[in-house]
4 protein chains.
Amino acid sequence: MRVKDETKQQALFEATVKVVNEIGFASSSVAKIAKEAGISPATIYIYHENKEDLLVSTYIEIKKGMGRALLQGFDTSMPIRDIFMMVWRNGFEHVSKHRADFHFTEQFANSPFIDLVDMEEVNKYFETIYQVIQRGIDEKIIKDVSFEILGVFMFYPMLILSNKRHCSGFALTDENIETAFNMAWDAIKL
Amino acid sequence: MRVKDETKQQALFEATVKVVNEIGFASSSVAKIAKEAGISPATIYIYHENKEDLLVSTYIEIKKGMGRALLQGFDTSMPIRDIFMMVWRNGFEHVSKHRADFHFTEQFANSPFIDLVDMEEVNKYFETIYQVIQRGIDEKIIKDVSFEILGVFMFYPMLILSNKRHCSGFALTDENIETAFNMAWDAIKL
Amino acid sequence: MRVKDETKQQALFEATVKVVNEIGFASSSVAKIAKEAGISPATIYIYHENKEDLLVSTYIEIKKGMGRALLQGFDTSMPIRDIFMMVWRNGFEHVSKHRADFHFTEQFANSPFIDLVDMEEVNKYFETIYQVIQRGIDEKIIKDVSFEILGVFMFYPMLILSNKRHCSGFALTDENIETAFNMAWDAIKL
Amino acid sequence: MRVKDETKQQALFEATVKVVNEIGFASSSVAKIAKEAGISPATIYIYHENKEDLLVSTYIEIKKGMGRALLQGFDTSMPIRDIFMMVWRNGFEHVSKHRADFHFTEQFANSPFIDLVDMEEVNKYFETIYQVIQRGIDEKIIKDVSFEILGVFMFYPMLILSNKRHCSGFALTDENIETAFNMAWDAIKL
DNA sequence: GATGAATGAGTGTTCATTCAT
DNA sequence: CATGAATGAACACTCATTCAT
């Protein structure tokens, strides 16, 4: 795998997301993705070892972007609740701007492909957030339960609410986002 | 004229779930499912119009079972919170007994296959629960927000917490289940 | 093969002709023919040993009808030319009334299926006509060339001219039929 | 990038003709044709969109060769009858050299596949001959009837007489060919 | 006599991947 | 670096036929 043309690599990621979103993993083929990206199927093998690698790389690329987006404007000195609200808003903003990407990750994370991902690598993009949660627990602001349970009420709701497939009726207005945040906060706050 | 073998149909559903869970939609083929079910690939087409129909039927079959399970022991006269707790417990119990089925639906619901399902048909299995929610809203016990938002905090958590992929560290103990219920209830109660 | 229901047998012949004409031998299947005939594929095997036998039987059935039709109103005492003209007219009349049947035989006779037919059996339906030809040769009215060559100019033209595929512009009017007859007669007469 | 192998394309045409002639459209499969051509079934799809396209292309290829062959030695200044005789002889010579090809076209032209052919494209290979016919009509040498009728007596006989299936007893000797020509000429001449 | 269930073998076509250019 | 040609293996699905009922 020799890397050269960065725009081609980018086009490949975008094509992968588009094709998989439109027809699912079951029907997605290297040929179709290549066609969408405007390159030859053979060229994909210059950028990626095989099909699996293409899919996994696409997933990690998107996750990296999400981790970065959530922490936009982050400031340790802010009150815990404000930090969460900011993260919450950042999350909705980022997702609404990258619906397709996020849609892809949902599909990916609920398939056996997820087993191929080195979760350590992904988690490090969210490290800072874990630290905030821990602080909240230590300061007795947040319930003292496992990160996983907290995530179920604080982070998954962002994904589900933003997912047209699951919540077709939830418009991403400031008001709706705040209402939902209050519910999430009620769930996790002590 | 031989008569249609009902056990074959059942074996087919189980094989579909098993194969899809193990290797995902991307690699699941009619031949593999048939082999797992111990029948000829051609026989599948006696029971189902095509592959799509097999997958969709499997999904609906599972959803039907879930809807039935959630309402086990249901009694209108119970207090709203108790009903939800019962549904919550029923949910975890059912899911823990049918992990594979439920795993399949997660994958299915996050793929384009879900678009092939007549949601009306699925929703009717959950009709009674919708009525309880409405009663809770009317009696000012539950927050007056859309069903979708409530579902995100009251029902999706069951799915995510039970999902080893997403919550490997969440053991389905009575204590954990109750802790999580309290968080869900905090989120939706007025 | 036990024969019972004559109308079913007839429906089967008609279905065979219809299906083969519409989609050709390449796509025709026992199942499609059975469906067209309104019976089960399995039932076909009560009336015919196998698919081949069904096709061949259909061909022979049609040929029998043609042989009979050509000789309608036949009378040995008529002048040779008049006999030919009568046969010619009978031919066009019969074909125009049984376009589909005739269409089927064209396709059949130009496929390897024809090799399965016992030509002796078919030829006997046309025996009388061969005798007339021989008389014409003996009486020095018709050119003394082989039956095959004479057939090419006297009988094949009926088939080709009646075939919409080959002669879309040839309307089966009395005038056209007579014009063509004169050409055929010019070809074979001494 | 490997370059398309023209001999492979040719082998494919020949294999198609051979297989279809031997077992008919009903039994001819892409796999059998590929095997006969010595290539992988998948390779066929590099040269042709699908099976249909392979068959149609083969037909057109053969027709093109025929059109060219008929006009060998063609000279406008020759008398009409001599031109026809030359075309007639060219036809028999070409057919006898390419029996298999011509056999294929007979089968093809009597099947629904013929409907897939752009007749305009085929007819242009015979354009010159149509002009000669028209000249013959204008000069009152040939009967003033439609091209189709003339073709039935002037061109179809070549095909039928050369067809072992229809005329097993017609040897392609110069004498036989001339005898038949005279009959054809008698049919169409004024 | 008639049929739907059942299937091994086959259908046309696409797959992920390699390779010569 | 990039590609179209090439393919063995697999794909979803249909085949002709048999068989229990």
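Residue numbers start from 1 in every chain, and the chains themselves are labelled A, B, ... in the order their sequence lines are given, proteins ahead of strands.
Nearest-nucleotide positions on DNA chain E place C:P41 closer to the 5' end than the other of C:P41 and B:P41. Comparing A:I39 and D:I44 by the nucleotide of DNA chain F whose heavy atom lies nearest to each, the residue mapping closer to the 5' end is A:I39. Comparing D:S27 and C:S40 by the nucleotide of DNA chain E that holds the closest heavy atom to each, the one mapping nearer the 5' end is C:S40. If A:G38 and D:G38 are placed on DNA chain F by their nearest nucleotide, the residue sitting closer to the 5' end is A:G38.
Atom CD of C:Q9 is separated from atom P of E:dA2 by 11 Å (rounded to the nearest Å). Protein atom CG of B:L12 is 14 Å distant from nucleotide atom P of E:dA5, rounded to whole Å. Whole-Å rounding puts the A:D53 CG to E:dT17 P distance at 10 Å. E:dT14 atom P lies 13 Å from atom CD1 of A:I23, rounded to whole Å. Here the C1' atom of nucleotide E:dG10 and the NZ atom of D:K35 are 13 Å apart, to the nearest Å. When rounded to the nearest whole Å, the span between CG of C:N50 and P of F:dT17 equals 5 Å. We find that NE2 of D:H48 is positioned 12 Å from P of F:dA6, with the value rounded to whole Å. We find that CD1 of D:I33 is positioned 14 Å from C1' of E:dT13, with the value rounded to whole Å.
The side chain of C:K51 approaches F:dT17 more closely than any other nucleotide in the set E:dT13, F:dT17, E:dG8. Proximity note for C:A42 (side chain, C-beta onward) versus F:dC19, E:dC15, F:dT17: the nearest is F:dC19. Closest contact between the side chain of C:S29 and the listed nucleotides F:dT3, E:dT17, F:dA16 involves F:dA16. Between E:dA2, F:dC15, E:dT13, one nucleotide has an atom nearer to the side chain of C:K8 than all others, and that is E:dA2. For A:I46, counting side-chain heavy atoms from C-beta on, the closest listed nucleotide (F:dA2, E:dT13, F:dA5) is F:dA2. For C:Y47, the side-chain atoms get nearest to E:dA2 when compared with the rest of E:dT3, E:dA2, F:dA5. Comparing F:dT14, E:dG8, E:dT3 by their nearest atom to the side chain of B:Y45 picks out F:dT14.
A heavy-atom distance below 4.5 Å is not found between the side chains of D:R68 and D:Y125. You'll find the side chain of A:E52 stays beyond 4.5 Å of the side chain of A:S57, heavy atoms only.
Using a 4.0 Å cut-off, some side-chain N or O of C:T43 falls inside it from OP1 or OP2 of E:dT3. Between F:dC11 and B:K32, a contact under 4.0 Å exists linking OP1 or OP2 to a side-chain N or O.
Heavy-atom minimum distance, B:N21 versus B:A100: ND2-O, 2.9 Å.
Using the Watson-Crick or G-U wobble rule with both distances under 3.5 Å, F:dA20 pairs with E:dT3. Checking E:dG8 for Watson-Crick or G-U wobble geometry (two distances, each under 3.5 Å) identifies F:dC15 as its partner.
For C:F108 and C:Y59, the ring centers sit closer than 6.0 Å to each other.
A distance-only check finds no donor-acceptor pair linking the side chain of A:T43 to the backbone of A:I39 [under 3.5 Å].
No donor-acceptor contact under 3.5 angstrom links the side chains of B:E22 and B:H103, judged on distance only.
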